[in-house]
Amino acid sequence: VGVDWRQLATCTDETTCHADFFQGYYHATKISNDNNNDQVPYQHSWWIRLYFGLFVGYTLWTLVTTWQTLQQAWQAKLVFENVLGISAHKLEGGAVDWEVDVVQKLSHLQATGQYRIAVVDTTTTATVPEKNQDPHTPAPTRTTHDPFDALTVAHRILRKENFIVALFNCNLLNLSVPFLGGGTAQSSSLLHQQVYYCASLEWSLYFCIFNFVFNHKYNIRPAFYLDAAALQRRFQWVGLAHILFLPFLLLFSLLHFGLRHAYDWKSTQQYLGPREWSRPAQWNFKEFNELPHLYERRMAPSYEAAEAYLKLFGPNEIMVAVGRILVFLGGSIGAVLFVFAALNDAILLHVKIADWNLLWYAGMSGLVYSVGKSLSAAPEAPDQARQNKAEALRPTRYTRNTYAARDAALRTVSNHTHFYPDIWKGRGWDKNLTHKAFSNLYQFKAQLFLHEALSLILAPYILCVSLPNCAQGICDFIQATKVSVPGAGEVCGYATFDFDQFGDETWEGRTLGTASLDESHTSPRSSSSRRHTHRTQHGKMEKSFFSFKANHPHWKCPESGQHLVDRVEQYQREETSREQQLHIEAAARQLETLARLEQEQKQQMGQASVLQSSHLRQQSPAQFLTTDPRVGSQLPTTTLDESYIPTTTTSHQPRTQSSADAGAGSMMPERNP
């Protein structure tokens, strides 16, 4: 505000530019008018006043929210230090176990009355709508878990996030654009089409849905899910606000991204930045009741596994070739301009080509070089380079099954992300399907920024057209899946881990160990009474249950969950027993093989000794005579055993052979070979 941009644009050389910026280009009370060259007062420019007012309003709102966040952080600090006895140093060092040091202590303090936490509902029943029940009538109740445990704490913390995870998993949010390869809400999928999602859209979902869905008792307001038109209007109003704030949002995003990563570009020389999971991918990877620190701990090894999977495909040859060309052009032009600057720096300032001086071309050559460097293959470490060179000299054909290696690498990634669609299974080698979809989920940071910038531009259309068409489905989904939990209010039904009501019978893991369990272990509610309207995909609820059980081993799961645990444990025992039996059978076969080989070896040795003795008996007696040189006659000899042959003893002192010894040695009978 107050900068004379038109006068600043006329600065082309030393004669037309002002040396002092504030005296030549900054006016505190006057700005340039768009319609003519006259200077008008600041208060007469309505668009400047509008955007300046919006900026001031955003600043005040940010200060208020920051102050509220600081107050909440200070209260949490007092609770952790004074109530739980956990210092900030211990918390930052990672020496705090969430279940033992936080949940169990809070439960104990709540039970003993030393520290009370406000409980929303003190009843011991939970409302669950039955199948084919009128949504306008109250649902029956059933008994649930204790009013304060690890699951209830997770419900209170992740009340909104659990609903968003369910909305993404069930494909109820249409975040696509038809003229850019989009579709309907039912066909919107992270794997089949392009999804546009950014931080402003995420804020819009929180504002339009969850700022109006809960009342002061954290129960879902009936006016929300019975009035889908109101949700449509909120989406459209927020879309119009996006149009108004779009220039500011784009400029803010660009400046924030550039200033945040400028030092990283300079230090790491990775101009595209490291690869990261996209926002839609992270919402698909998150599980029900998974706290942020547990999610980060689970996802930390996935980055290395994802890099290992992508390296099996190698770099794109076309992009590498283009990168090398850009590096050569940018480096060569920059080198020439550097020589000019070393000879005379005035050449860069005053010599122009097409109205631009050589200094501008020097900057552009550096930009071209940086882009080409980012497109080229990353430099390898010396040891890795020598190893790759040695492997290149070996014949690589038929020495490695790359299909199996890619499938194994993709399974390793899925072990951390818990995301392994059926179309990926056994097709990790498919470059057109699996690799392409995987690359859309795991992109360079610069690519993610460009995608979020494009999503920000398309956000008004998504909020005004795409999401309003999903309003009725969102309201019906929240009404069908809401469950009242004692101590937490109404939450997403999938987060309660009630497999009798929300279980997925088609999930492949539900059939594990079913043939080995007795009928007494079966669920009391038959599968025919389950609701099939909304069902999680890829076994999201089942996987979330096992992850939550692994992170909270002392948590007592409900009966339907315990039934699933029993089946899985039974399956593990059967697999372990089967593997042990296979090992025993393999060891027995090895012992039989060794015994047979030993018997055959003994038989061969016995036959060889018999043949040798018969061969010796058939020899002529003349072959057993030796001539004594002293008497000149032949003496009959017999076959001597080797034990009768005298051995030569060695000592440290040399032994002198006498004539008698020599004669005795000449008289020693020679053994017939």
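Please read these numbers as outputs of a predicted model, since none were measured by experiment.
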Nearest-0.5 Å distance, [atom1] of residue [X] to [atom2] of residue [Y]:
X      : Y      : atom1 : atom2 : answer
Phe502 : Thr536 : CZ    : OG1   : 10.5 Å
Phe214 : Arg221 : CZ    : CZ    : 11.5 Å
Cys492 : Ile478 : SG    : CD1   : 9.0 Å
Leu158 : Ile164 : CG    : CD1   : 10.5 Å
Ile474 : Leu467 : CD1   : CG    : 6.5 Å
Gln562 : Phe497 : CD    : CZ    : 14.0 Å

- [ ] Mind telling me whether Phe210 and Tyr206 have parallel, tilted or perpendicular rings, with 30° and 60° as the class edges?
- [x]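 If you compare the ring of Tyr206 with that of Phe210, the planes turn out tilted.
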
- [ ] If the plane angle is over 60° it's perpendicular, under 30° parallel, otherwise tilted; pick one for His435 and Tyr309.
- [x]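 Rings of His435 and Tyr309: tilted, as their planes differ by 30° to 60°.
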
For residues [X] and [Y], report the shortest heavy-atom separation together with the two atoms involved.
X      : Y      : value
Gln232 : Ala471 : CG-CB, 3.4 Å
Ser414 : Arg411 : OG-O, 2.6 Å
Phe288 : Val165 : CE2-CG1, 3.9 Å

Check: [Y] main-chain N/O paired with [X] side-chain donor or acceptor under 3.5 Å:
X      : Y      : result
Thr434 : Arg427 : yes
Asn440 : Lys436 : yes
His155 : Ala495 : yes
Ser547 : Ser544 : no

- [ ] Run through Val102, Val96, Asp97 and flag the one making a side chain to side chain contact (heavy atoms under 4.5 Å, CB included) with Val100.
- [x] Asp97

Open item on the list: Against Phe419, only a single residue in Tyr442, Trp424, Phe438, Trp283 fulfils ring-ring contact (aromatic ring centres under 6.0 Å, His included); can you say which?
Closed with: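 Testing each of Tyr442, Trp424, Phe438, Trp283 against Phe419, the sole residue satisfying ring-ring contact (aromatic ring centres under 6.0 Å, His included) is Trp424.
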
Under 3.5 Å, side-chain donor or acceptor atoms of residues 445-462 against the rest of the protein: list the pairs with distances, not counting sequence neighbours.
residue: Lys445; atom: NZ; partner: Glu276; partner atom: OE2; Å: 3.3
residue: Gln447; atom: OE1; partner: Phe444; partner atom: N; Å: 3.1
residue: His451; atom: ND1; partner: Gln194; partner atom: NE2; Å: 3.4
residue: His451; atom: NE2; partner: Val195; partner atom: O; Å: 2.9
residue: Glu452; atom: OE2; partner: Arg279; partner atom: NE; Å: 2.8
residue: Ser455; atom: OG; partner: Tyr197; partner atom: N; Å: 3.3
residue: Ser455; atom: OG; partner: His451; partner atom: O; Å: 2.8

Task: CA sep, side-chain torsions, deciding dist, call: Gln104, His554, side-chain contact (heavy atoms from CB on, under 4.5 Å) - done: CA-CA 9 Å; Gln104 292 185 1; His554 301 288; 3.5 Å; yes

Does the side chain of [Y] come within less than 4.5 Å of [X]'s, by heavy atoms?
X      : Y      : result
Asn469 : Asn174 : no
Leu463 : His242 : yes
Tyr196 : Leu175 : no
Tyr303 : Arg275 : no
Val213 : Tyr225 : no
Tyr494 : Asn162 : no
Leu291 : Val153 : no
Trp61  : Thr65  : yes

Under a 3.5 Å cutoff, is there a donor and acceptor pairing between the side chains of [X] and [Y]?
X      : Y      : result
Asp149 : Thr152 : yes
Asn284 : Asn169 : no
Asp498 : Thr496 : no
Arg297 : His293 : no

Task: Charged N-O contact under 4.0 Å between Glu290 and Arg298 - done: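 Counted as a salt bridge, because a side-chain N and a carboxylate O are separated by less than 4.0 Å.
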
Task: Option from Arg159, Lys217, Lys482 for which salt bridge (charged side-chain N to carboxylate O under 4.0 Å, His left out) with Glu490 holds - done: Lys482

TODO: Would you please test Thr417 and Gln282 for side-chain contact (heavy atoms from CB on, under 4.5 Å) and show each step?
DONE: CA-CA 9 Å; Thr417 61; Gln282 292 185 19; over 6 Å; no

Contacts under 3.5 angstrom, residues 243-251 side chains, donor-acceptor by atom type, not counting sequence neighbours:
none

TODO: Begin from the C-alpha positions of Phe224 and Phe212 and carry the test ring-ring contact (aromatic ring centres under 6.0 Å, His included) through to its verdict.
DONE: CA-CA 7 Å; Phe224 173 81; Phe212 296 89; 8.1 Å; no

- [ ] Among Lys543, His538, Lys286, Glu287, find the residue that satisfies the side-chain hydrogen bond (donor to acceptor under 3.5 Å, both in side chains) test when tested with His418.
- [x]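 Exactly one pass, corresponding to Glu287.
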
- [ ] Show your reasoning for whether side-chain contact (heavy atoms from CB on, under 4.5 Å) applies to Leu231 and Cys208.
- [x] CA-CA 7 Å; Leu231 180 59; Cys208 295; 4.2 Å; yes

Task: Derivation and outcome, ring-ring contact (aromatic ring centres under 6.0 Å, His included), residues Phe545 and Phe499 - done: CA-CA 10 Å; Phe545 168 75; Phe499 298 102; 5.2 Å; yes

TODO: Would you indicate whether Glu202, at its atom CD, is surrounded by more than 12 heavy atoms from other residues, nucleotides or ligands within a distance under 6.0 Å?
DONE: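 It does: Glu202 CD has more than 12 such atoms within range.
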
Open item on the list: Applying salt bridge (Lys or Arg N to Asp or Glu O under 4.0 Å), can you list everything that pairs with Lys77, at least two apart in sequence or on another chain?
Closed with: Glu81

Open item on the list: Under the criterion side-chain contact (heavy atoms from CB on, under 4.5 Å), I'd like the reasoning laid out for Arg156 against Tyr218: C-alpha separation, chi angles, the key distance, then a yes or no.
Closed with: CA-CA 9 Å; Arg156 297 176 65 132; Tyr218 296 103; over 6 Å; no

